[in-house]
Amino acid sequence: MLYDRSATVFCFRPEWGKRLRFGQRQSRGAVRSRLLSTALSLRRDPRMLKLPPYLSLLCILIGVIWLALLPLDSYSRRTYISENALLPGQVHTYFGGSEQNIFEAYRRELDGLVDWQNHKINDHLEGIFGAVGTKVGRQNYTYYSAGEIYSGENIYGILQAPRGDATEAIVLVAAWINVEGLFNRNGVALALTLARYFRRWSLWSKDIIIVVPPDSRTGTQAWVDAYHDSHDSRKVASLTLKSGALQGAIAIDYPLDKRFDGVHIIYDGTNGQLPNLDLINSIVNIAGGQMGMQTAIQGTQIHDDSYRDRLRTILRGMVRQGLGIGNGPHSSFIPYHVDAVTLQPYGDGWHDEMAMGRVVEGTFRSLNNLLEHLHQSFFFYLLMQRDRFVSIGTYLPSAMLLAANFTIMAIFLWVKSGQFVEHKSALTTEVASTEKTVCRNTLKGTVEQESPRLSTERDLFLPLGIVAASHAVSLVPLFIFNSVHVSVSITRVSRGS
């Protein structure tokens, strides 16, 4: 007998397939219903409410342990240059020699301007910028904060690039008064000397802007806001001269009048923002590899690469990022996606002003090589040493575990607030068979019967009102701090003590 495939096909009845598919759907539906019933039973199980506190504690312990492991070599990496166009330390710097005499001449001129007013100082600086051959601009500003008026005038000069079309620029900032309130004597003199030195070179493809604000915070902030047209024209004047997009900024904080041992790189921005890691790595490479100069971060001038120093440096960085306070003129640039750092010499050593100038020159030469904005390296990192860091992919799980602890406890308290338990007592000889209770024998011979947890209605108006009132009350100290003069609070504190 021949095998008839068509006959075999027609022997299968269609209703059989329908029954098979119906049975499969019915079995899948039964599985889903069982899983749903199991989940609901676990939700009503009073033992589930005992897990969140222990789970929250577990998240805290794992997060803290994870954070303590970050300084180890297995969880950190050595720094490297991601942007190949930077080529840090690959060029020979020529700043020095006769520039030392020019620097000293500028410094003597600035010493005679210490007691002058801001406008008269800028009149003299305008003459120096004009003699160098730069286009000079001035900007007035007035801020009102903490009951005090901050007013002044910025002065800046623009060196046009011989090989550029004014579409990109690099900024050199030297505030007249630094963050600590000291006269930035060598910093301003060095900036003027570098402006004269940069003018003689024809290799620049980006404009160079030299900014001399009267202080390190308000003056720089006013200039950066006006450069990006995000200022209040009633309080801050617009800039008469502009260049292209800012590719980077270097601030010099050099009030010391002696030779130094190394350079402190200050990179923390406002609200925890950080510059691109390639900029810091380039400065470390230029200062350490080319100049033989020590570099420090987070105020750790003596770092022996031990676990203790690494952990201390990481914690300092985390605290400063958490506070979100600007630590120098560079902090005003970072919110506008302009990578910036402040260079601050420290210690007693054999490096002089010319060595500091060569570091700035090498950094500007590297930024001048850029074909696009710095973007390849990290913007979220924790530095534990000048040449070792932890990326966001490594330290973020510890922060997420610590944050998950609050979420778990919040959900736990929310669920617990909607349930209550009724407690009943009876004699040992009487046990109700109709109630599903859990009996516990006590020393007095009584039986405590616990009925199942019952749901209760939550009153949302009161907690939401408390939260809204707390947020509204927080505006009161903010208004007081912005309106009361700073000297009033200082006087009251001194009298109280």
Side-chain angles (χ1 to χ4, degrees), residues 95-142 150-162 164 166 169-178 182-202 204 206-216 218-224 226-227 236-243 246 249-255 257 329 353-354 356-357 360-361 364:
F95 186 77
S98 61
E99 307 299 331
Q100 179 73 42
N101 300 327
I102 299 173
F103 170 81
E104 293 177 357
Y106 282 144
R107 186 169 57 182
R108 284 193 296 269
E109 286 189 49
L110 297 178
D111 289 339
L113 307 177
V114 175
D115 297 329
W116 290 19
Q117 294 181 356
N118 182 210
H119 294 279
K120 293 184 177 180
I121 293 173
N122 289 343
D123 291 339
H124 190 83
L125 293 178
E126 185 176 1
I128 296 177
F129 278 122
V132 170
T134 63
K135 294 182 178 181
V136 187
R138 300 172 72 163
Q139 177 202 26
N140 292 309
Y141 66 91
T142 301
Y150 299 92
S151 61
E153 184 186 50
N154 296 321
I155 185 170
Y156 62 99
I158 300 178
L159 290 172
Q160 291 185 339
I170 312 172
V171 183
L172 178 62
V173 181
W176 188 264
I177 302 297
N178 69 350
L182 302 176
F183 173 43
N184 193 12
R185 181 169 179 255
N186 289 341
V188 179
L190 184 59
L192 297 175
T193 308
L194 286 170
R196 184 180 183 276
Y197 172 77
F198 291 157
R199 181 66 180 174
R200 302 187 344 232
W201 288 91
S202 61
W204 304 109
K206 296 176 176 58
D207 292 350
I208 298 177
I209 306 176
I210 296 92
V211 184
V212 183
D215 61 88
S216 297
T218 58
T220 310
Q221 188 66 51
W223 188 87
V224 176
Y227 194 92
V236 179
S238 301
L239 299 181
T240 57
L241 297 175
K242 287 186 180 182
S243 182
L246 303 181
I250 302 295
I252 303 176
D253 186 357
Y254 192 2
D257 194 12
E353 302 85 1
M354 298 298 101
M356 184 68 181
V360 177
E361 179 191 358
F364 270 52

Euclidean distance, [Y] [atom2] relative to [X] [atom1], rounded to 0.5 Å:
X    : Y    : atom1 : atom2 : answer
T134 : D207 : OG1   : CG    : 11.5 Å
F364 : I208 : CZ    : CD1   : 6.0 Å
I128 : D123 : CD1   : CG    : 11.5 Å

Between the side chain of [X] and the main-chain N/O of [Y], is any donor-acceptor distance below 3.5 Å?
X    : Y    : value
N154 : G219 : yes
N184 : A175 : yes
Y254 : A189 : no
Y141 : Y150 : no
Y106 : L192 : no
R196 : E99  : no
K242 : Y227 : yes
N122 : E153 : yes
S216 : I177 : yes

**Request:** Report the residues that fulfil side-chain hydrogen bond (donor to acceptor under 3.5 Å, both in side chains) with S238, sequence neighbours left out, ordered by chain and then residue number.
**Result:**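 For S238 the side-chain hydrogen bond (donor to acceptor under 3.5 Å, both in side chains) partners, ignoring immediate neighbours, are H231.
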Compare all side-chain heavy atoms of [X] with those of [Y] and state whether any distance is below 4.5 angstrom.
X    : Y    : value
L110 : F183 : yes
V171 : V211 : yes
W223 : P329 : no
E353 : T193 : no
I209 : L246 : yes
V360 : Y197 : no
F198 : I170 : no
L239 : Y156 : yes

**Request:** Go through the steps for L159 and W201 under the test side chain to side chain contact (heavy atoms under 4.5 Å, CB included), then give the verdict.
**Result:** CA-CA 11 Å; L159 290 172; W201 288 91; over 6 Å; no
[X] versus [Y], closest heavy-atom pair with distance:
X    : Y    : answer
H124 : L113 : CD2-CD1, 3.5 Å
A195 : V132 : O-CG1, 3.7 Å
P214 : G152 : CG-CA, 4.3 Å
P213 : V173 : CD-CG1, 4.1 Å

**Asked** Could you walk me through whether E109 and L125 pass the side chain to side chain contact (heavy atoms under 4.5 Å, CB included) check?
**Response** CA-CA 10 Å; E109 286 189 49; L125 293 178; over 6 Å; no
**Message:** So that I can tick it off, tell me whether D115 and K120 are bridged by a salt bridge, with the cut-off set at under 4.0 angstrom between side-chain N and carboxylate O.
**Reply:**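 So K120 does not pair with D115 through a salt bridge.
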**Request:** Please test I210 against F129 for side chain to side chain contact (heavy atoms under 4.5 Å, CB included), starting from the C-alpha separation and ending with a verdict.
**Result:** CA-CA 9 Å; I210 296 92; F129 278 122; 3.8 Å; yes
**Item:** Qualifying salt bridge (Lys or Arg N to Asp or Glu O under 4.0 Å) pairs with a residue from residues 184-195, counting only residues at least two apart or across chains
**Value:**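 Listed by first then second residue: D111-R185, R185-D257.
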**Request:** Please list, chain by chain and in numerical order, all residues satisfying ring pair (Phe, Tyr, Trp, His ring centres under 6.0 Å) with F103, sequence neighbours excluded.
**Result:**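 Partners of F103 by the ring pair (Phe, Tyr, Trp, His ring centres under 6.0 Å) criterion come out as none, since no residue qualifies.
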